[in-house]
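All remarks here apply to the structure that follows.
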Amino acid sequence: MNARTLLAGTALAVVTTLPAMAATPIRCSHQLPPQHEVAKVIDRWAAEVETLSNGELDIQLFGANALAKPEENIPSVAKGSFECAFSVNFQWGKTLPAMNVTLRPFAFSDPEIWRDWPDSEPAAYLERLMEEKRLKNIAWLFQTRMSVFTSNDEPLVAPADFQGVKIRGLNPAFDTGLTAMGAATSSMPGSEVYQALSTGVIDAAITDVAAAYARKYYEVQNQMTVTPVISVFFNGYMNQAFYDGLTDAQRAALDEAGRKAAAWAVEDGLAAEEAAPGLLEAEGVALHVATPEENEAIRAVMQPAFDAAFIEEGGEDVTELLKLVDGMVK
């Protein structure tokens with residue numbers, strides 16, 4: 001064997017014994033239990049990222065608050081304590097009030113708005129606001145556009161029905177709409193509502209139609225009015241500096257997986273929305289599906305109150321966003 005062959009063989013031996021490049025770990029926190037429909041979409045998203053990145057990205061999911069509490073996710077990702085999280089939109093609170101735009105009463109009842117959302121001007125606007133907080137949006141996951149007002153004995157159908165009712169609230173801007181109808185609101189997480197209803201702390205609740213079944217509200221409330229009053233989403237976001245440090249191919253994998261997950265979430269949410277009313281009726285709930293006229297009567301009271309509170313809370317950011325949302329209505 002000549003020297004050149006010996007050197008080549010030695011070099012080849014060195015190359016073949018080098019370990020494969022380790023995948024980049026991405027720790028991603030969320031609050032949802034494994035059986036939740038959005039948690040299942042997040043699981044699919046994680047697998048898709050790993051596939052599209054050819055195994056270069058290793059998504060490590062920590063659901064059910066295993067890594068952080070829901071209120072800790074946003075600041076923790078911004079600081080770089082971990083790389084990624086998913087939060088429901090009203091958890092952005094004062095950090096980014098504009099994320100609550102889908103709580104504008106009856107503004108997002110058309111499912112086509114959600115299908116178009118990832119490439120829309122309002123979504124791009126919110127993504128720019130997130131980047132100012134050192135966060136990069138990586139997925140928009142629609143959960144629901146159909147809610148129920150739950151109650152006992154009499155359904156909540158017209159604005160006058162809410163007079164004097166103690167009802168679960170969601171956030172300050174949305175709650176002003178309930179207050180405008182005469183209700184008294186009490187904000188609490190979904191996990192606490194069943195107990196509050198069963199003990200009389202509150203008389204009524206608003207929740208996603210599928211969640212009303214999953215959380216067994218039918219055991220403590222016998223009347224439910226189905227109405228597209230709000231829409232709720234989870235969005236995935238990543239520490240901006242970490243995202244910027246990824247390769248072009250890795251960022252492209254995240255982008256494509258996010259788009260796929262957005263589409264999966266819409267269809268899964270609509271399927272759950274379609275199935276839930278029948279399940280509730282089977283449990284003895286008196287279900288009323290609000291008519292367009294009934295929805296308009298509530299919208300006419302709630303939406304102006306919400307808009308005023310929302311603009312006061314979010315200022316110029318929110319004023320501009322509402323204009324962009326109005327532009328999506330077909």
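All values derive from a computational prediction rather than experimental measurement.
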Is any side-chain N of the basic residue among [X] and [Y] closer than 4.0 Å to the acidic one's carboxylate O?
| X | Y | result |
| --- | --- | --- |
| Arg251 | Asp248 | yes |
| Glu192 | Arg215 | no |
| Lys40 | Asp268 | no |
| Asp119 | Arg259 | yes |
| Arg104 | Asp326 | yes |
| Arg44 | Glu48 | no |

Could you tell me whether a side-chain N or O of [X] sits under 3.5 Å from a main-chain N or O of [Y], the two making a donor and an acceptor?
| X | Y | answer |
| --- | --- | --- |
| Asn152 | Asn222 | yes |
| Glu83 | Arg27 | yes |
| Asp307 | Pro304 | no |

Within a radius of less than 6.0 Å around [atom1] of [X], do more than 12 heavy atoms belonging to other residues, nucleotides or ligands occur?
| X | atom1 | result |
| --- | --- | --- |
| Gln60 | CD | yes |
| Glu316 | CD | no |
| Glu320 | CD | yes |

Taking the side chain as every heavy atom from C-beta outward, state whether [X] and [Y] have any atom pair closer than 4.5 Å.
| X | Y | value |
| --- | --- | --- |
| Glu283 | Lys216 | no |
| Gln223 | Thr150 | no |
| Val193 | Thr207 | no |
| Leu96 | Met130 | yes |
| Leu254 | Tyr243 | yes |
| Met181 | Ile298 | yes |
| Leu141 | Asn235 | no |
| Thr24 | Asp58 | no |

Q. Between the side chains of Ser151 and Asp203, is a donor N or O closer than 3.5 angstrom to an acceptor N or O?
A.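 Absent: no donor and acceptor within the cut-off.
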**Q.** Donor on one side chain, acceptor on other, Asn171 and Ser187, under 3.5 Å
**A.** no
What closest approach, in Å, do [X] and [Y] show between heavy atoms, and which atom pair accounts for it?
| X | Y | answer |
| --- | --- | --- |
| Ala305 | Thr176 | O-OG1, 3.3 Å |
| Gln303 | Pro105 | NE2-O, 2.7 Å |
| Thr291 | Glu294 | N-OE1, 2.9 Å |
| His30 | Ala39 | CE1-CB, 4.1 Å |
| Asn137 | Gly236 | OD1-O, 3.3 Å |
| Ser109 | Arg145 | O-NH1, 2.6 Å |

Q) Stepwise, does the side-chain contact (heavy atoms from CB on, under 4.5 Å) test hold for Val325 with Phe108? A) CA-CA 9 Å; Val325 167; Phe108 287 80; 3.8 Å; yes
Straight-line distance of [X] [atom1] to [Y] [atom2], nearest 0.5 Å:
| X | Y | atom1 | atom2 | value |
| --- | --- | --- | --- | --- |
| Asn54 | Glu56 | CG | CD | 6.5 Å |
| Lys133 | Asn239 | NZ | CG | 15.0 Å |
| Leu103 | Ser231 | CG | OG | 8.5 Å |
| Asn295 | Thr227 | CG | OG1 | 3.5 Å |
| Ile206 | Met224 | CD1 | CE | 12.5 Å |
| Ile59 | Leu57 | CD1 | CG | 6.0 Å |

Q | Inter- and intrachain pairs under side chain to side chain donor-acceptor pair (under 3.5 Å), touching residues 69-82, at least two apart | A | Ser29-Asn73
Going hydrophobic residue to hydrophobic residue with side-chain gaps under 4.5 angstrom, can you get from [X] over to [Y]?
| X | Y | result |
| --- | --- | --- |
| Trp45 | Leu135 | yes |
| Met238 | Val88 | yes |
| Leu156 | Leu197 | no |
| Leu170 | Tyr194 | no |
| Phe86 | Leu32 | yes |

Q: Go through Phe62 and Phe82 one step at a time and tell me if the ring pair (Phe, Tyr, Trp, His ring centres under 6.0 Å) criterion holds.
A: CA-CA 11 Å; Phe62 296 84; Phe82 46 88; 8.1 Å; no
Q: Test Tyr237 against Trp92 for ring pair (Phe, Tyr, Trp, His ring centres under 6.0 Å), laying out the working first.
A: CA-CA 12 Å; Tyr237 49 92; Trp92 285 84; 5.2 Å; yes
Q) Please walk me through it: do Glu121 and Met328 pass side-chain contact (heavy atoms from CB on, under 4.5 Å)? A) CA-CA 9 Å; Glu121 290 187 45; Met328 288 191 73; over 6 Å; no
Q: Might you work through the side-chain contact (heavy atoms from CB on, under 4.5 Å) test for Val226 and His288, ending with a clear yes or no?
A: CA-CA 6 Å; Val226 181; His288 174 76; over 6 Å; no
Q | Evaluation steps, side-chain contact (heavy atoms from CB on, under 4.5 Å), between Ile311 and Leu322 | A | CA-CA 9 Å; Ile311 290 171; Leu322 288 176; 4.0 Å; yes
**Q.** ring pair (Phe, Tyr, Trp, His ring centres under 6.0 Å) assessment of Phe174 paired with Phe306
**A.** CA-CA 6 Å; Phe174 178 78; Phe306 172 89; 7.2 Å; no
(Q) For Arg115 and Glu112: C-alpha separation, side-chain torsions, deciding distance, then whether salt bridge (Lys or Arg N to Asp or Glu O under 4.0 Å) applies. (A) CA-CA 5 Å; Arg115 292 190 174 100; Glu112 290 305 311; 2.6 Å; yes
**Q.** Aromatic plane relationship, Trp140 with Phe233 - under 30° parallel, 30 to 60° tilted, over 60° perpendicular
**A.**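 It falls in the perpendicular class, over 60°.
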